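These notes are about the structure you will find just below.
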Amino acid sequence: MNNADIAWMLTSTALVLLMTPALGFFYGGLVRSKNALNTIMMSVVSLGFVGVTWALAGYSLAFADGNAIVGGLSHLGLSGVGLQEEGTIPRVLFMAFQGTFAIITAALVSGAVVERMRFGAYATFLVLWVLFIYAPVTHWVWGGGFLGELGALDFAGGTVVHVNAGAAALVAAAVVGARKDYGRQAILPHNVPFTLLGAALLWFGWFGFNAGSALAANDIAALAFVNTMLAPAGTLVVWTLLDLQRSGKITAVGVATAIVVGLVAVTPAAGFVSPMWALALGAIAAVPSYFALVFRARTRLDDSLDVVAAHGVGGMTGALLTGVFAQQSWNNTADGLLYGNPMQLGIQAVGVLAVLVYSMVGTFVILKAISLVATLRVDAREEGMGLDVTAHGEEAYAGGEGAILIARDHAATPAVIGVPVRSEGGQA
Amino acid sequence: MKMVVAVIRPEKLNDVLEALFRAEVRGLTISRVQGHGGETEHVENYRGTTVKMALSEKVRIEVGVSNHFVQPTVDALLNAARTGEVGDGKIFVLPVEKVYRIRTSEQDQDAVTPVAAVAR
């Protein structure tokens, strides 16, 4: 055990946990105001549903001793997950750190189905997806499975997290179907400051995601940390230039997207490439994602918040470029194409392809299975009214006019018009 | 001249604007309002407080039109704003005493005739 490592991993775990509500705000700002709560909730409930799933079974399927495809059942219900050493930190802390990854990865997929998916069906999807897709894929790369054995480099989850979520998003958007207004009328972001705030908090949390993936407070953590700062900076600059060239203006939504794309792209590379190559990687990664995003908007695929372009394409770019820029003199693990090891690029491609195919097929099967017993999407009337009121019985921006109090502990008069809706201030 | 005032569902606004545009109605004003028209009230919960929302979000459209434009305007509104459920809204047609176009001081019929239609 190493106390410095434990301190850093405690911090990192909290940082990564913050990324999920941050993602909620990033996504929440991009939808219409009538769906703001529903969209943020899609991220926030992952903290609970996936958190529970991870502790009960997900961790075991990912990290218990098993075969090349999936982990065993020896850690079911956290059995055998105690204070014993896992590397240089207690295993229970390693479990929690990995749990925060499962939580955000599942929540990422929600961006493809916002504004029309039924909440119950979505929560069911979260649980099944983590058990049958996320946990095995994590095992492939980090839990002793075949991709790790093959030598695939994925520092913090470019393939496990981002290609995986992007592939699932592509299928989810297609299976759930487009929003009824998609392509018929303009659907505009209702709160761009939320989106920028979310992107900023994601960046902050991502230091824990990437530098924490060193699993120690060491030199590699420092490298991953610095690369996590530099790569999105490169992406942001190139993205603004692309924006400028295309529309003559630098957009705020564009900058927020660029930050996320840069973070996604550097995730697999963070502890494997030099800082200057990280900067280049971030800059290069802007291009495919930018054009994937512009192209997607012209198709019938309503991947509403562009999870495929940002996470799928960004993750693929990062995973492949890791195989190009990796440098043994920095990482003590492997060289990439530029440093005389062209094989690495091939291995990276195999990793991306395996995850892509498995995640797409698996997500399709899960969604079809859910649709056999429940409806995946809300009806047109509910979609028109917005999911905040119809799914949650709350409004993001309730004015309170016309709210009639119908149940209250000390109700004297049953109907009082104009009583404020918010209950802060003592009623609750 | 008449003033056509319609109160409609917010989610129908785009359809209505498109229908008015097709009917060649060019000048209009909209505002976001809240109202009550007999539709089912939905219930919201905030911690221990349960409330019935007696007012629904609506959009009010006001269109000042010359007499022969009244029927096309009303037809466009009726067709585009209808869902068949209670709560689709109302259309009121009101007499207008006087209209001025501020830019030119034109009055009445001239003031509500779209500029594009006036040969200059």
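Given the structure is predicted, the values throughout are model-derived calculations rather than measurements. Just so we're on the same page: letters track the sequence lines, and every chain starts at 1.
The nearest pair of heavy atoms linking B/A54 to A/I404 is CB-CD1, 3.5 Å. Between A/L405 and B/V51 the shortest heavy-atom distance is CD1-CG1, 3.9 Å.
With a threshold of 4.5 angstrom between heavy atoms, A/Q185 approaches chain B through side-chain atoms but not through N, CA, C or O.
Results of the side-chain contact (heavy atoms from CB on, under 4.5 Å) test with A/V389 over B/E57, B/E44, B/M53 single out B/E44 as the only residue that passes.
If you take NE2 on B/H42 and CD on A/E395, they are separated by 5.0 Å, rounding to the nearest 0.5 Å. Between atom CD1 of residue A/I406 and atom OG1 of residue B/T49 there is a gap of 11.0 Å, rounded to the nearest 0.5 Å.
More than 12 heavy-atom neighbours from other residues, nucleotides or ligands sit within 6.0 angstrom of NZ on B/K98.
Contact check for A/R184 versus B/D15: side-chain heavy atoms found under the 4.5 Å cut-off.
Annotation: side-chain hydrogen bond (donor to acceptor under 3.5 Å, both in side chains) contacts involving residues 111-124 of chain A, sequence neighbours excluded, comprise A/R32-A/E115, A/N35-A/E115, A/E115-A/R179, A/R116-A/S304.
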